[in-house]
Chemist: 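Dumping the structure here so I can ask a few things about it.
Scope of the values below: all heavy atoms of this structure, side chains included, with no hydrogens, waters or symmetry mates. It should be emphasised that the depicted structure is a prediction, and the values quoted were computed from it without experimental measurement. Order of listing sets the numbers, starting from 1, for every ligand and every atom in it.
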Amino acid sequence: MTDLHDFPQLMTKLKTVEGLTLRENEPLAPHLSMGVGGPARIFALVEAEQAIAPLVRELTEAAVPWFVLGGGSNTLADDSGFQGVVLSLGRAFRKTEAGPELHQITVGAATPLSAVMNFAKRRGLSGLEWAAGIPGEIGGALAGNAGTAQGDTCSLIERVEVVDRQGNRLIRHQGEFEFGYRYSTLRRDVILSATFTLTPDTPEAIENRIKQALEKRWEQPIGVRCSGCMFKNPQGDYAGRLIDQAGLKGLRVGGVQVSDKHANFFINDAEASAGDLFELIDKVRRVVRDKTGVELELEIRTVGLDSPR
Ligand code: EPU
């Protein structure tokens with residue numbers, strides 16, 4: 001395939017930005033919890049906060065497609081991969097600290113959601129217990145407003161430090177960005193860090209709520225290659241219930257299957273290709289549409305040429 005963009009020239013420019021480790025044609029499958037997906041044309045591991053603004057300016061100037069990859073639990077790539085630049089935030093973005101105000105914590109974008117929840121618990125701060133057992137990193141959790149019926153990420157935010165698509169570093173306070181069910185306008189930015197305002201409570205009460213959330217997780221497939229829930233719940237109903245009622249549990253295309261345990265989870269249990277996965281997604285959508293009239297919308301973000309949107 002011929003490149004649509006001048007990637008060699010872009011590589012030359014990106015090599016001048018300090019704090020980046022650059023790889024070409026990096027396979028995405030190992031970075032994504034679903035374990036499928038072809039290579040990214042350029043994979044930029046960002047090792048320093050100062051690298052983000054110049055990097056984003058270069059990408060904007062070159063007009064190449066790019067996205068930030070978080071923990072990889074909510075992103076799917078197709079087999080042809082991604083003809084653009086993937087930004088992955090490294091260790092410099094993995095940190096938790098108390099403050100700056102009482103009952104607040106400030107965390108780096110690449111910190112796992114579970115690590116943030118545990119840090120808050122140890123400090124006697126409540127609000128994130130719903131996150132028990134949910135994979136992913138804070139940046140991704142804010143970009144997609146991860147949550148359950150018990151709570152969500154964006155509601156707890158005091159402010160978020162970001163670099164916008166023009167390369168400006170700025171602070172977005174609560175009220176200055178929009179969010180809703182599995183949606184937030186923070187997805188447009190590169191998130192650097194976030195400050196949460198939480199509620200003091202006893203470690204025992206917090207631990208109990210974490211245990212309840214984990215019990216709920218046992219109803220879902222655990223320790224397998226999957227991306228959590230595949231579809232958003234439609235208004236007034238549940239994607240899992242609709243797929244189950246349509247008799248689709250266990251439906252398989254190649255190496256990917258609708259879970260027998262929870263029908264909104266698709267599992268890669270036999271070296272699936274992204275093609276298998278997207279075919280299964282299409283089938284499930286079609287059958288549910290035919291039987292119920294409901295159009296299921298992907299919760300998972302897709303990148304690449306052939307993937308469904
Ligand atoms: N159901 C079925 N069959 C199934 C699965 C579910 O009939 O195979 C029914 C259940 O009996 C229940 C309803 O569907 O009446 C909803 O199921 P559940 O309580 O498991 O919750 P969910 O809406 O499917 C949501 C989040 C999950 C989160 C759980 C637990 C979404 C799309 N999903 O699932 O989040 O873990 O609540 O709180 O909002 C994720 O987003 O990746 C995710 C896993």
Side-chain angles (χ1 to χ4, degrees), residues 32-36 69-77 112-114 116-117 126-156 179-184 186-187 206 208-252 256-269 277 280-281 283-285 287-288 291-292 294-303 308-309:
L32 306 179
S33 64
M34 197 75 212
V36 300
L69 180 64
S73 53
N74 242 21
T75 301
L76 300 178
L113 192 53
S114 56
V116 178
M117 182 199 74
S126 168
L128 280 160
E129 296 87 306
W130 54 266
I134 294 191
E137 298 172 355
I138 284 296
L142 287 167
N145 192 21
T148 71
Q150 273 61 52
D152 64 5
T153 317
C154 291
S155 308
L156 301 165
F179 61 90
Y181 172 67
R182 300 300 94 82
Y183 155 82
S184 117
L186 293 170
R187 171 158 323 278
I206 295 172
N208 277 336
R209 285 192 290 274
I210 289 174
K211 280 200 183 121
Q212 279 168 22
L214 284 174
E215 267 164 33
K216 180 84 191 151
R217 295 293 288 183
W218 285 109
E219 295 168 14
Q220 304 170 355
I222 295 171
V224 291
R225 276 185 293 181
C226 79
S227 272
C229 285
M230 188 55 71
F231 299 104
K232 293 182 182 182
N233 284 331
Q235 189 98 40
D237 211 332
Y238 300 96
R241 194 192 75 79
L242 291 170
I243 300 167
D244 190 354
Q245 291 291 298
L248 298 175
K249 273 186 169 173
L251 181 68
R252 172 178 288 282
V256 64
Q257 190 182 31
V258 176
S259 165
D260 283 320
K261 212 168 175 188
H262 190 301
N264 200 12
F265 285 68
F266 290 19
I267 295 167
N268 171 6
D269 61 0
L277 177 63
L280 187 62
I281 289 171
K283 271 193 179 165
V284 166
R285 269 182 159 163
V287 174
V288 169
K291 291 205 171 173
T292 68
V294 175
E295 188 68 53
L296 290 176
E297 189 189 336
L298 282 178
E299 183 193 287
I300 306 295
R301 168 180 61 167
T302 58
V303 297
R309 304 277 151 183

Chemist: Look at atom 44 (C) of ligand 1 and say which protein heavy atom is nearest, naming residue and atom and giving the distance to 0.1 Å.
Modeler: Cys229 SG, 3.3 Å
Chemist: Of all the atoms in ligand 1, which lie at a distance below 4.0 Å from a heavy atom belonging to Lys249?
Modeler: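 The atoms of ligand 1 under 4.0 Å from a heavy atom of Lys249 are 8 (O).
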Chemist: Starting from atom 21 (O) of ligand 1, what is the nearest protein heavy atom, named by residue and atom, and what distance separates them?
Modeler: His262 NE2, 4.2 Å
Chemist: Quick one: look up the protein heavy atom nearest atom 9 (C) of ligand 1 and list residue, atom name and how far away it is.
Modeler: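 Going atom by atom, the protein heavy atom closest to atom 9 (C) of ligand 1 ends up being Arg241 CB, 3.8 Å.
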Chemist: Quick test: of every protein heavy atom, which one is nearest to atom 3 (N) of ligand 1, and how far off is it to 0.1 Å?
Modeler: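 Among all protein heavy atoms, the one nearest atom 3 (N) of ligand 1 is Asp244 OD2, 2.7 Å.
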Chemist: Judged on heavy-atom distance to atom 28 (C) of ligand 1, which of Lys216, Gln220, Lys261 sits nearest?
Modeler: Gln220
Chemist: Would you mind finding which of Asn233, Asn264, Leu248, Thr148 brings a heavy atom closest to atom 23 (O) of ligand 1?
Modeler: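 The residue whose heavy atom sits nearest atom 23 (O) of ligand 1 is Asn233.
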Chemist: With sequence neighbours excluded, tell me which residues meet side chain to side chain contact (heavy atoms under 4.5 Å, CB included) with Asp244.
Modeler: Lys249, Ala263
Chemist: One residue to check: Gln245. Relative to ligand 1, which of side chain, backbone, both or neither has a non-hydrogen atom less than 4.0 Å away?
Modeler: neither
Chemist: Can you list the atoms of ligand 1 that are under 4.0 Å from a heavy atom of Phe265?
Modeler: 44 (C)
Chemist: Just jot down the side chain to side chain donor-acceptor pair (under 3.5 Å) partners of Lys216, sequence neighbours excluded, or say none.
Modeler: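 Per chain and number, Lys216 pairs via side chain to side chain donor-acceptor pair (under 3.5 Å) with Glu219.
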Chemist: Quick one: look up the protein heavy atom nearest atom 12 (C) of ligand 1 and list residue, atom name and how far away it is.
Modeler: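 Protein heavy atom at minimum distance: Tyr238 CD1, 4.5 Å.
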